[in-house]
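Below: the structure, in structure tokens.
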Amino acid sequence: MLPPFVWSDVCLRHEPAAEVWVGVRMPATEVPARALAIRKALVADGATEVAPVPHDDSALLAVHDPALVEFLRTAWGEWSAASLPSDRVVPYVFARGELTGGRPPALPTAVWARPGLFAYDTMTLIGPGTWEAARAAVDVALTAADLVADGARVAYACCRPPGHHVTRSLYGGSCYLNNTAVAAASLLPRVGDPVAVVDIDAHHGNGTQELFLGRGDVLTASVHVDPGAGWFPHFLGFESENDEANLNVPLAPGTGDDGWLAAVARAAEFAAGARALVVALGVDAAAGDPESPLQVTAASYGEAGRILGGLGIPTVVVQEGGYDLATIGELVVATLDGLCEAG
Ligand SMILES: [Zn+2]
């Protein structure tokens, strides 16, 4: 059995075309075909598709700085009007805090300098449909949250681009708006606190962690490849960041089913007792995924679903990473199946 899934064609409009990694323009991996492959697998298994309901910006602005939202809304228009040599918005200077002695940096006059106020990497490019797709993904996540707030036990937001690497005011990691965090924040006034986020993407959910740090009303747990072993997001995702409202479980490269499932069980235990759960579902920990060195099988994604479903709390599942087009659909279906089976 599968939960209803929320889908918008607008999420396909984001075509990053490339990512600039170590100074080299490489083919993008966060492509529209990812979402289409997931949808195909869901439909083949008889899942019910739900159209997103448009939401105003209030839930979005509850987690993101209005300046970031305004930048993303206007970045492509300004960039394309400036006739620059790059066909995508890409930063070349970065407004690091020390550069301005802690004072807020000026809004640069040069359009080509503005991305450096909001981007923290060079691999998250903005093109003609990026804003529309990222904003549609927020509506997809909010609609899934609405379904759960209205009584569904599980609902799935089949959206892209992903969001868990976005902080209050900085975008990066192929993410623009934090769909998972927006969904969690929107649930709070309706279900009460705490709401828990369990992030099982192969990479640390640094944006979500930063957004809810020190609040206590949203518990954040993340199971991911150890950034200390050389993996994105590099600067954080360590056990030393753990406290009563945040749990990081970093795993050694090569970790397979047993180690990964034990970590998922730890994250589930951390979330037990929450009023609602948001699962940041990246399936890039899978053995065949090109973006991480974890070695998890599809059967274990099903087991992870059963572990999280076993908490017996209303659950919104939001799509994050997963880059192996041949298996992404079955991995998502296995997880959702497990989640619903446990109920
Ligand atoms: Zn990932």
Side-chain angles (χ1 to χ4, degrees), residues 11 14 16 19 21 26-35 37-38 120-125 134 137 141 156-167 170-181 183 197-211 220-238 248-256 259-260 263-264 267 278-298 300-301 304 317-329 331-332 334-335:
C11 288
H14 168 55
E19 44 196 55
W21 187 71
M26 324 258 281
T29 51
E30 201 291 284
V31 293
R34 298 176 56 245
I38 298 170
Y120 65 82
D121 65 36
T122 60
M123 64 179 197
T124 309
L125 307 186
Y156 170 54
C158 187
C159 53
R160 72 172 283 276
H164 70 148
H165 293 308
V166 186
T167 72
L170 297 175
Y171 72 98
S174 301
C175 301
Y176 305 87
L177 297 169
N178 196 322
N179 312 311
T180 288
V197 176
V198 171
D199 188 324
I200 61 170
D201 186 279
H203 306 97
H204 177 233
N206 62 297
T208 314
Q209 174 181 300
E210 187 274 342
L211 274 165
T220 49
S222 181
V223 172
H224 50 266
V225 62
D226 185 0
W231 291 86
F232 192 89
H234 301 288
F235 304 110
L236 71 176
F238 300 100
N248 286 328
V249 190
L251 299 169
T255 298
W260 187 75
V264 171
V278 180
V279 178
L281 177 60
V283 293
D284 44 4
D289 196 282
E291 297 294 322
S292 105
L294 300 177
Q295 300 291 324
V296 178
T297 60
S300 283
Y301 273 95
V317 183
V318 179
Q319 187 62 41
E320 297 287 356
Y323 304 94
D324 179 27
L325 295 176
T327 58
I328 187 171
L331 292 165
V332 169
T335 313

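We count ligands from 1, going down the list as the structure has it; atoms in each ligand are counted the same way.
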The Zn ion (ligand 1) reached by D284 (N, O or S, under 2.8 Å): yes
Flag side-chain contact, heavy atom, 4.5 Å: Q319 against Y156: yes
N/O/S from H224 sitting under 2.8 Å away from the Zn ion (ligand 1): no
Any T208 side-chain heavy atom under 4.5 Å of N178 side chain: yes
Plane angle bin for F232 and H165 - parallel if under 30°, tilted between 30 and 60°, otherwise perpendicular: perpendicular
Side-chain heavy atoms of C159 within contact of V318, under 4.5 Å: yes
Among the N, O or S atoms of H203, the one nearest the Zn ion (ligand 1): ND1
E320 near the Zn ion (ligand 1): N/O/S under 2.8 Å: no
Atom of D201 nearest the Zn ion (ligand 1) (restricted to N/O/S, atom name only): OD1
Side-chain heavy atoms of N248 within contact of F238, under 4.5 Å: no
